[in-house]
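Heavy atoms only: backbone and side chains are in, while hydrogens, waters and symmetry mates are out.
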Number of protein chains: 2
Amino acid sequence: MALSPARVRIYEVAQAAGVSIATASKALNDTGRMAEETRQRVRQVAAELGFRPNAMARALLSKRSFTIGLLTNDTYGRFTLPLMAGVSEALVDEGVSVFLCTIEDDPQLARVHVDALLDKQVDGIIASGKRIDRRLQVDLTNLSIPVVYAFTEGPDDAVRLVSDDAQGAREAVQWLRGLGRRRIVHVTGPGSFASVQERTGAFREVVGPDGQVLFGNWSEAWGHEAVRRLWQASASQPDAIFCGNDQIARGVCDALRERGVSVPAEVSVVGFDNWEIVAAATRPPLTTVDMNLKQLGREAGRLVLALARGEAVTPGLRKLACQLVVRQSCGGGVT
Amino acid sequence: MALSPARVRIYEVAQAAGVSIATASKALNDTGRMAEETRQRVRQVAAELGFRPNAMARALLSKRSFTIGLLTNDTYGRFTLPLMAGVSEALVDEGVSVFLCTIEDDPQLARVHVDALLDKQVDGIIASGKRIDRRLQVDLTNLSIPVVYAFTEGPDDAVRLVSDDAQGAREAVQWLRGLGRRRIVHVTGPGSFASVQERTGAFREVVGPDGQVLFGNWSEAWGHEAVRRLWQASASQPDAIFCGNDQIARGVCDALRERGVSVPAEVSVVGFDNWEIVAAATRPPLTTVDMNLKQLGREAGRLVLALARGEAVTPGLRKLACQLVVRQSCGGGVT
DNA sequence: CTGAAAGCGCTAACAC
DNA sequence: GTGTTAGCGCTTTCAG
C-alpha cells in the first residue's frame, strides 16, 4: 500500500490534474470555490497518486499539529491503559495521534517530557494518574495549550474528569441490600485516599452511619487479615463484605474459603476496579464495580479536542458513572 | 516555567544577541564556525529568553520529526507497558517522543493508525505484540521508514527483538536442580505457542528427554487442574513444578496449599513473567523468570533510532536474556 | 568569521 | 473560477 518511492507532493498532484498548486490545495481541503468538476478531478488524481499531505508543513502553517500528549505517573498501566485506549479511540478518526509519556513521579523527567511535547506543538495535553487526589509533578498551568485532567487532581478552574466513586459504591451496596444482605461491612484501603473517603461515605449513606469500615492497605493480604479480625470478633459476623478494590476482595474470598465460609451462599463479596486478571481469577469470580476508564478516556479526548479547536468548555469537575459488573461472588444476577 | 506569551522565535534571539538569524542558528546547533565568544553569547541569550526551536519547522526541513510510533495489539498492556517504558527511556534524552497506537487485531484500525503515523512523518516504527509468533495485522514492509519488531513476529530480514525464552527456562530449571530437586514437572500453556515450545525444549534439555510436560491454557484454573492430575496419579509426585506463566504458578501454589502440600518445603514452584500483581500476591511469593521487557524496549528504541539516523544495523533475530527473580516459592536464595 | 537569500511543503490572501 | 504571491520558523549554501 504505502510505497516508499519519494512521497508525492501537492505539486505533482497539481501537475497531473493540470491545475495550479493553490487550486489543488483548495480542492483537497474543501475550501475556496471552484467548479465541482475540477475539485473531483483533483481529488481523483490525488487518490491515484497516493498523495498524503505533509503534516509538518501543514502544522507549521496552521499551528495545529493534530497530536496530543498523554501524561501519566501510572507506570503500571492499571489505569492508564484503558484510559489511553479511550482517548485514542476518540481521536483516531479525527486524525490526531497520541504521545504517551510516563513521567513516574520525577519532576525532572516530567519537565523533559512536557518540554518535548511543547516543542512538538501538541494541540493539548491530558494529564492522568493513578490517584484522583494527587497532582502530577509538573506545573501545567499557564501553558498556551489546553489541558484536561483525567483521574488526577488539577486546578479548580480546569477541566477535570474522574469516576464517580460514590455512585459506584452506592450501587454496589444497594445491590447487596437488594440481595437481602443486612450485616454489610466495608473493607478498604488507606483512609488518606480521597476515593476511600468517597466510597466510605456512600457506604454509610446506604447502610447507616454506624456501618462498620475497616481501613488497611490495597493488598490481598489485608483482605485475609480483615476476615481474620471479623471472624475472630465475638459480635455477629457479616453476611456481606464490600471491598475497596479487587485485590482486597480476592484476599477476602480466599480467606473465607479457607475458613469454610461459603461465598456467596453465606457471605456476598463485592470488589472495586474490575481488574480482569484479579476479578476473573477469584473463586468465585468477583462481582465488582467498573470505573469505565475507557469511557473516561473517550470523554477526555473529546474535551481536549474541543478545547484545541477553541470551542468553549465549561471548566470544573465532571464525574462519570461507574457500573456494577455482576459475576458470581454475591449470588443474584445471571445464574 | 513555560510561559504562554507567544513563543520566542530564533529571530528575537538573533536580535537580542545582535547577530543575524543564520549565525544564531549555527550557534545554537553547534554547526558552522564562529568566535566561541559569539556562540556562547547567543546561547546565553537564547536560554534567558527561553527559546525553544519549533520542532515543526525543523522537521519540515530535516525530514526528521523526532517522533516514532509504537504499534501494539496488546490491549491489556501486560507486555506493552514495560516495553513502552523502555523505549521511552531510551529516546527522551534524544528528544524523540513516542506515539502509542493500540491496534487490537483489527486490520482496518491498524491501517488508519499507520497512515496517521506516516502522515506525521514518524522517523520509525516499533511493532510489538503479545505473542512472539504472531504478526500484527498490517503490512509494514516497503515503508520508507525503518521498522523494528519487538516481541512480535516479523519478516526474516527485519530487525527483530525477542526475549530468550529458552535461556530463561533453562535458568529456572537449573535453579531447581541446584536446589536438589530431581522430579521436576513442567506445567505450561498451549503447545501451539512458540514460547511454550521454546521453554519446553529447554526444560527437556536440562532434565532429560523424558521430562514430563503438561500442556493446558494460561490460567490459574489450569494450575489447579494440573496439580489435581499430578497428585491423583499413582506415580511418585514431583518435588518441583516449573510453570509456563505466573498465573499457572499461582494456581499451582494455591492447589498445593489446599492439599496440605507445603511450598517450598515439599515442592518448589517457579513461574514465568514476573507479573508483579500475580507473583507478589502468591503465597508464598513466586520465584519467577523476568523477561526484561523494559530492557527489550530500550534496545528497540536504540535500534530504530540508529536506523532512522541511517546507521547500519545487522538485520535478524536478537534474543535478550531473561533473568530469574528469586522470591520464596522455591526455597533457596535470600531467606 | 558572519549575514543575505533560498527554500522545506503547504495554505491563504489577493489578483487576474 | 483559477493562479500568483507571500509567508509559517527554521537551516544551509554561498558570498562578503
Side-chain angles (χ1 to χ4, degrees), chain A residues 5-43 45-46 49-67 95 115-116 118-123 144-145, chain B residues 5-43 45-46 49-67 95 118-123 144 309:
Chain A
R7 289 177 73 105
V8 6
R9 289 155 307 161
I10 200 169
Y11 173 76
E12 16 266 8
V13 175
Q15 283 255 302
V19 295
S20 75
I21 288 190
T23 306
S25 171
K26 284 183 220 150
L28 264 9
N29 294 297
D30 237 334
T31 55
R33 285 180 304 163
M34 72 184 63
E36 190 50 32
E37 192 271 324
T38 313
R39 195 176 295 261
Q40 289 310 327
R41 180 158 42 84
V42 173
R43 294 201 162 163
V45 171
L49 262 45
F51 170 71
R52 352 208 63 235
N54 182 321
M56 294 302 154
R58 191 179 259 183
L60 183 55
L61 214 45
S62 68
K63 308 306 198 198
R64 282 202 52 199
S65 62
F66 291 88
T67 63
D115 282 349
L118 259 20
D119 286 351
K120 271 150 198 146
Q121 320 255 190
V122 292
D123 298 334
S144 48
I145 52 170
Chain B
R7 291 175 72 103
V8 7
R9 288 155 308 159
I10 199 170
Y11 173 76
E12 16 265 11
V13 175
Q15 284 254 302
V19 295
S20 76
I21 287 190
T23 306
S25 171
K26 285 182 218 151
L28 263 10
N29 293 298
D30 236 335
T31 55
R33 285 178 306 163
M34 72 184 62
E36 190 51 32
E37 192 272 323
T38 313
R39 197 176 294 264
Q40 289 311 328
R41 181 159 40 85
V42 173
R43 293 204 163 159
V45 171
L49 263 47
F51 170 71
R52 353 208 61 237
N54 182 321
M56 293 301 155
R58 192 179 256 182
L60 183 55
L61 217 43
S62 68
K63 311 303 199 198
R64 285 200 50 200
S65 62
F66 291 87
T67 62
L118 258 20
D119 285 351
K120 269 145 200 152
Q121 319 256 186
V122 291
D123 298 334
S144 48
R309 285 178 175 146

In chain order, what residues pass the salt bridge (Lys or Arg N to Asp or Glu O under 4.0 Å) check against B:R9, with sequence neighbours excluded?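 Residues passing salt bridge (Lys or Arg N to Asp or Glu O under 4.0 Å) with B:R9: B:E12.
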Apply salt bridge (Lys or Arg N to Asp or Glu O under 4.0 Å) to B:R52 and list each qualifying residue two or more places apart in sequence or on a separate chain.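 Once residues adjacent in sequence are excluded, the partners of B:R52 under the salt bridge (Lys or Arg N to Asp or Glu O under 4.0 Å) criterion are A:D115, A:D119.
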To the nearest 0.5 Å, what is the distance between NZ (A:K63) and CG (B:N54)?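 Nearest 0.5 Å value for the NZ-CG distance: 7.0 Å.
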Hey, could you give me the CG/CE distance between B:L61 and A:M56, rounded to the nearest 0.5 Å?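 Separation between the atoms: 12.5 Å.
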Return a single string for nucleotides 6-16 of chain C, one symbol per nucleotide in 5' to 3' order, where B is base contact, S is sugar-phosphate-only contact and - is none, cutoff 4.0 angstrom on heavy atoms. -BBBBBBB---
Is there a donor-acceptor contact under 3.5 Å from the side chain of B:K120 to the main chain of B:S65?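 Flag not set: sc B:K120 to bb B:S65 has no pair under 3.5 Å.
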If you look at every heavy atom in [X] and [Y], which pair is closest and at what distance?
X: B:V8; Y: B:F51; value: O-CD1, 3.3 Å
X: B:T23; Y: B:M34; value: O-CE, 3.6 Å
X: B:L60; Y: A:A57; value: CD1-CB, 3.7 Å

May I ask you to test the A:Q15-A:L49 pair for a side-chain heavy-atom distance under 4.5 Å?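 No. Closest side-chain heavy atoms not under 4.5 Å.
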Range on DNA chain D touched by chain A - first to last nucleotide, heavy-atom distance under 4.0 Å: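 Answer, 5' to 3': D:dG1 to D:dG9.
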Could you work out how much the helix from C:dC1-D:dG16 to C:dC16-D:dG1 bends, comparing the axis of its first five pairs with that of its last five, to 10°?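 Result, rounded to 10 degrees: 50°.
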Sorted by first residue and then second, give each salt bridge (charged side-chain N to carboxylate O under 4.0 Å, His left out) pair with at least one member in residues 17-37 of chain B; sequence neighbours left out.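 Every pair satisfying salt bridge (charged side-chain N to carboxylate O under 4.0 Å, His left out) with a residue in residues 17-37 of chain B: B:D30-B:R39, B:D30-B:R43, B:E37-B:R41.
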